[in-house]
Amino acid sequence: MNDDHASKPRDGRHAARWAAVAVLAAFLPVLAQTWPFDRFSTVLWLVSMPLCVLGFAMLAKELAARWSSRANQD
């Protein structure tokens with residue numbers, strides 16, 4: 001592969017962001033049970049699962065890309 005198409009190495013910030021999205025989405029049902037958010041409890045419950053799945057899927061994608069870029073550097 002020539003240098004024009006070489007991908008730059010991945011840093012951990014992308015993976016950390018998606019991990020944070022997944023963890024925060026996992027806490028949305030807990031927040032839905034507290035009194036300040038009781039008006040939005042249904043929305044928080046419905047949004048939590050897709051965000052959690054998205055966060056973990058993107059985290060897996062970032063980690064796979066990071067491991068792939070490390071393997072290419074060797």
Side-chain angles (χ1 to χ4, degrees):
M1 185 178 252
N2 61 14
D3 291 334
D4 294 336
H5 298 290
S7 62
K8 50 184 188 174
R10 300 236 179 207
D11 58 351
R13 286 182 284 177
H14 294 288
R17 284 185 200 140
W18 288 114
V21 166
V23 169
L24 290 175
F27 282 110
L28 286 180
V30 175
L31 287 176
Q33 295 177 358
T34 60
W35 68 267
F37 301 107
D38 61 352
R39 293 180 60 189
F40 307 108
S41 64
T42 304
V43 173
L44 290 173
W45 275 93
L46 292 175
V47 168
S48 68
M49 183 54 88
L51 277 178
C52 198
V53 170
L54 174 71
F56 280 115
M58 294 303 292
L59 175 63
K61 177 186 151 289
E62 288 294 330
L63 291 177
R66 187 173 181 185
W67 288 330
S68 176
S69 69
R70 282 189 180 175
N72 288 340
Q73 288 178 353
D74 293 340

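Because only heavy atoms are used, hydrogens play no part in the values below, and waters and symmetry mates are left out as well, while side chains stay in.
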Distance from Asp38 atom CG to Leu44 atom CG, nearest 0.5 Å? 10.5 Å

Restricting to non-hydrogen atoms, name the atom on Cys52 and the atom on Ala22 that form the minimum distance, rounded to 0.1 Å. SG-O, 3.8 Å

Could you work out, with side chain to side chain donor-acceptor pair (under 3.5 Å) as the rule, every residue matching Arg13, not counting sequence neighbours? Asp11

Say whether Val23 and Met58 are linked into one hydrophobic cluster, either directly or through other cluster members, by side-chain heavy-atom distances under 4.5 angstrom. no

For Met49, the rest of its hydrophobic cluster, which grows through side-chain links under 4.5 angstrom: Val53

For a quick test of reading the model, state the closest non-hydrogen atom pair linking Ser48 to Leu28 and the distance between them. CB-CB, 3.8 Å

Give a yes or no on whether Trp45 and Leu51 share a hydrophobic cluster (residues Ile, Leu, Val, Met, Phe, Trp, Tyr; joining criterion: side-chain heavy atoms under 4.5 Å apart). no

Give, for atom OG of Ser41 and atom CG of Leu31, the distance between the pair rounded to the nearest 0.5 Å. 11.5 Å

Rounded distance (nearest 0.5 Å) linking atom NE2 of His14 with atom CZ of Arg66: 10.5 Å

Which pair of heavy atoms, one from Leu59 and one from Trp18, lies closest together, and at what distance? N-CB, 3.8 Å

Closest non-hydrogen contact found for Gly55 with Val21 is CA-CG1, 4.3 Å

